[in-house]
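Computed from a predicted model, the values in this text were never measured in an experiment. Side chains are part of it too, since the values below use all heavy atoms of this structure and drop only hydrogens, waters and symmetry mates.
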Amino acid sequence: QVQLVESGGGLVQAGGSLRLSCAASVSIFRIDTMGWYRQTPGRQRELVATISRGGNTNYADSVKGRFTISRDNTKNTVYLQMNSLKPEDTAVYYCNVVLVLPRYNYWGQGTQVTVSS
């Protein structure tokens with residue numbers, strides 16, 4: 001069984017920063033794409049950022065220039081550095097990992113990010 005352990009969420013004022021971490025209990029050799037998604041009440045879960053095995057990144061338009069996704073293969077961990085946070089960034093943030101051999105999709109438990117005005 002694969003587990004994704006998230007940390008780093010919390011309460012911050014608008015303009016502040018947080019860094020989310022997600023550690024995967026699986027060999028790095030099985031990991032393809034890693035990413036972060038978020039969800040608020042009344043909304044579908046939406047893409048925030050992804051990073052491929054080759055290091056290519058993709059960001060939602062709403063976070064470009066403010067958020068940075070990265071990965072550390074020595075720790076089987078993906079990070080999301082969030083700067084210049086806005087109240088509309090408030091959500092539960094979920095880590096996602098796509099595995100290969102066999103291919104499968106795993107989700108973290110979610111971590112709450114709250115940005116006050």
Within this structure, what is the SG-CE distance for the pair Cys22 and Met34, rounded to the nearest 0.5 Å? 6.0 Å
Please check this pair: side chain of Ser84 against backbone of Arg66, looking for a donor-acceptor N/O pair closer than 3.5 Å. no
Separation between CG (Leu47) and CH2 (Trp36), nearest 0.5 Å, reads 13.0 Å
If we ignore hydrogens and angles and just use 3.5 Å, is the side chain of Arg71 paired with the main-chain N or O of Gly35 as donor and acceptor? no
Rounding to 0.5 Å, atoms OG (Ser25) and OH (Tyr106) come to a distance of 9.0 Å
Apply side-chain contact (heavy atoms from CB on, under 4.5 Å) to the pair Cys95 and Trp107, showing each step before the final yes or no. CA-CA 6 Å; Cys95 176; Trp107 294 92; over 6 Å; no
Please identify which of these residues, Asn105, Thr33, Thr50, meets the side-chain hydrogen bond (donor to acceptor under 3.5 Å, both in side chains) condition with Asn96. Asn105
Is there side-chain contact between Leu4 and Gln109, with heavy atoms separated by less than 4.5 Å? no
Tell me, do Ile31 and Leu99 make a side-chain contact under 4.5 Å, heavy atoms counted? yes
Quick one: does Ser7's side chain get under 4.5 Å of Arg19's, heavy atoms only? no
Check whether Val48 and Tyr94 end up in the same hydrophobic cluster, where Ile, Leu, Val, Met, Phe, Trp and Tyr are linked by side-chain heavy atoms less than 4.5 Å apart. no
Determine yes or no for a side-chain-to-main-chain donor-acceptor pair under 3.5 angstrom, with Gln39 supplying the side chain and Val92 the backbone. no
For Val100, the other hydrophobic cluster members (4.5 Å side-chain criterion, sorted by chain and number) are Leu101
Taking atom CG of Asp32 and atom CZ of Arg103, what is their separation to the nearest 0.5 Å? 6.0 Å
Take the angle between the ring planes of Tyr93 and Phe67 and call it parallel below 30°, perpendicular above 60°, tilted in between. tilted
For residues 53-60, which side-chain N or O atoms pair as donor and acceptor with protein atoms under 3.5 Å away, sequence neighbours left out?
unit_1: Tyr59; atom_1: OH; unit_2: Ile69; atom_2: N; d: 2.9

Where Ile51 and Val78 come nearest, the two heavy atoms and their spacing: CG2-CG2, 4.3 Å
So does Gly9 get a backbone contact from the side chain of Gln112, meaning a donor-acceptor N/O pair under 3.5 Å? no
Please report the interatomic distance OG1(Thr77) to CG(Leu20), rounded to the nearest 0.5 Å. 12.5 Å
The side-chain contact (heavy atoms from CB on, under 4.5 Å) partner of Met82 among Val113, Val63, Asp89 is Val113
Do Tyr104 and Val97 touch side chain to side chain, with heavy atoms closer than 4.5 Å? no
